[in-house]
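Okay, structure first, notes after.
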Amino acid sequence: MTLADLTFDQWRSFELPAARRVAEEAADSVDGRVALVETREHLGAPLHRVRIERSGREFALIPGGPVSLGFDLDSWQPTPQQTADYAESLEQGFGDGPDLRAHLAQVLSPRRSVVLATVLMAVEDENLTEPPADMPPALAARGLRMPSPDEWEHACGAGTDTLFRWGNDCPLDRVPYGVPAGPQSGPNAFGLRIAYDTYRTELTSDVTAVHGGDGGESVCGGYGHLLAWLPLATANRNPSMAEFVYGPDGEGLFEDFSTRPVLAL
């Protein structure tokens with residue numbers, strides 16, 4: 001078995017010494033060094049976090065294999081508070097559907113099963129240095145590439161099936177900006193700083209989707225509390241923001257967008 005073939009389920013079955021050996025092998029394969037191996041509780045079982053430093057940047061190990069992605073709207077029920085908050089947004093002229101479920105159907109990717117390779121992914125996203133169309137060759141010159149949308153969602157959710165990487169709920173007494181502590185502020189299960197700031201807009205290899213934020217549009221626009229949090233939802237592909245980013249209006253603003261480089265194993 002190669003490192004790229006390592007599955008999420010196999011990774012979760014490893015004891016810490018085995019995880020350390022895999023981390024060292026991964027670091028050696030990319031001329032990096034292991035910066036951290038630690039174990040945290042995730043989904044009722046231990047999960048190892050690995051960070052590898054290479055060329056001044058830190059990458060997290062993201063085990064792949066068969067994984068489930070997207071959000072299952074059929075098995076989800078909004079809380080009364082979420083329903084009421086969305087209704088208030090509708091009254092102000094915001095929202096993309098007559099109810100919250102209809103809105104989410106427009107912006108979230110559907111539940112599906114995919115098979116992914118294990119990769120190293122940057123712990124921090126980085127601002128684009130070139131227009132989106134020119135980023136793939138710019139990253140390739142550094143031995144990197146943009147993630148696919150599936151890779152981004154898996155890296156963010158780490159096996160969860162909830163609306164957000166931390167659960168189905170979000171604070172409805174505030175928007176996710178200007179507050180130092182909140183469910184979005186800490187690293188995720190793989191140790192990534194991801195889906196942490198709605199003012200961020202992360203690009204992947206799919207021009208029809210952006211991730212992890214909406215450039216602050218929902219916060220600045222006063223869309224309502226829940227709609228301000230939803231850009232941080234794991235499966236949110238934010239099609240309207242993607243249309244802006246890749247359209248003529250976003251052409252000169254590429255430095256305001258970011259991506260999360262991937263290092264293949």
Side-chain angles (χ1 to χ4, degrees), residues 1-14 18-19 22 26 40-50 59-78 96-97 100-122 125 145-170 187-192 194-195 202-213 230-239 241-242 259-265:
M1 181 187 73
T2 66
L3 286 173
D5 294 328
L6 175 68
T7 71
F8 185 52
D9 288 340
Q10 288 171 327
W11 180 245
R12 301 204 68 170
S13 72
F14 288 169
V22 171
R40 298 290 183 94
E41 185 83 5
H42 179 60
L43 300 178
L47 178 65
H48 308 298
R49 285 181 183 175
V50 169
F59 295 82
L61 180 72
I62 312 297
V67 296
S68 295
L69 300 177
F71 191 66
D72 185 1
L73 278 170
D74 292 334
S75 65
W76 169 81
Q77 288 295 328
D96 194 8
L100 181 54
R101 191 180 299 276
H103 175 83
L104 293 180
Q106 297 297 317
V107 300
L108 302 184
S109 67
R111 197 67 174 165
R112 63 202 183 279
S113 296
V114 302
V115 178
L116 301 174
T118 291
V119 298
L120 299 176
M121 186 175 289
D125 58 313
R145 63 171 173 81
M146 298 176 80
S148 71
D150 287 348
E151 287 175 324
W152 193 98
E153 284 189 30
H154 173 55
C156 181
T160 60
D161 59 3
T162 51
L163 185 57
F164 302 98
R165 59 180 173 85
W166 58 82
N168 280 319
D169 295 330
C170 61
N188 82 335
F190 289 134
L192 300 173
I194 193 168
E202 294 193 32
L203 276 55
T204 63
S205 59
D206 185 349
V207 301
T208 67
V210 298
H211 310 262
L230 282 178
L232 303 182
T234 302
N236 194 339
R237 296 202 168 180
N238 212 327
M241 185 63 185
T259 193
R260 189 170 297 268
V262 165
L263 185 56
L265 292 172

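Since we're looking at a predicted model, the values are computed, not measured.
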Considering the options Asp72, Asp161, Asp150, which one meets the salt bridge (Lys or Arg N to Asp or Glu O under 4.0 Å) requirement together with Arg112?
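Answer after filtering Asp72, Asp161, Asp150: Asp150.
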Could you tell me which non-hydrogen atom of [X] sits nearest to which non-hydrogen atom of [Y], and how far apart they are?
X	Y	answer
Ala155	Met121	CB-SD, 3.5 Å
Gln106	Pro239	O-CG, 3.6 Å
Pro149	Thr204	CG-OG1, 3.5 Å
Val67	His154	CG1-CE1, 3.6 Å
Asp169	Phe164	O-CD1, 3.8 Å
Ser109	Arg237	CB-NE, 3.7 Å

Between [atom1] of [X] and [atom2] of [Y], what distance do you get to the nearest 0.5 Å?
X	Y	atom1	atom2	answer
Glu202	Arg260	CD	CZ	4.0 Å
Arg165	Phe190	CZ	CZ	12.5 Å
His103	Leu108	NE2	CG	7.5 Å
Leu69	Arg111	CG	CZ	7.0 Å
Phe59	Leu263	CZ	CG	5.5 Å
Asn188	Cys156	CG	SG	6.0 Å

Any side-chain to backbone donor/acceptor pair from [X] onto [Y]? Under 3.5 Å, distance only.
X	Y	result
Asn168	Leu163	yes
Thr259	Leu203	yes
Thr234	Glu153	no
His42	Ala158	yes

Residue pair Ile194, Trp152: steps toward the side-chain contact (heavy atoms from CB on, under 4.5 Å) verdict:
CA-CA 9 Å; Ile194 193 168; Trp152 193 98; 3.5 Å; yes
Is the closest side-chain heavy-atom distance between Val107 and Leu230 below 4.5 Å?
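SC-SC contact between Val107 and Leu230 ruled out.
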Determine whether Pro63 and Thr118 make a side-chain contact, defined as any pair of heavy atoms from C-beta on separated by less than 4.5 Å.
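With C-beta onward as the side chain, the pair touches.
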Take the angle between the ring planes of Trp11 and Phe14 and call it parallel below 30°, perpendicular above 60°, tilted in between.
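Geometry flag for Phe14 against Trp11: perpendicular rings.
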Kindly determine whether Thr160 and Leu43 satisfy side-chain contact (heavy atoms from CB on, under 4.5 Å), including the steps that lead there.
CA-CA 8 Å; Thr160 60; Leu43 300 178; 3.9 Å; yes
What's the verdict on side-chain contact (heavy atoms from CB on, under 4.5 Å) for His211 and Asn238, showing C-alpha distance, side-chain angles and the deciding distance?
CA-CA 7 Å; His211 310 262; Asn238 212 327; over 6 Å; no
Can Ile62 and Leu192 be said to form a side-chain contact (heavy atoms from CB on, under 4.5 Å), step by step?
CA-CA 10 Å; Ile62 312 297; Leu192 300 173; 4.0 Å; yes
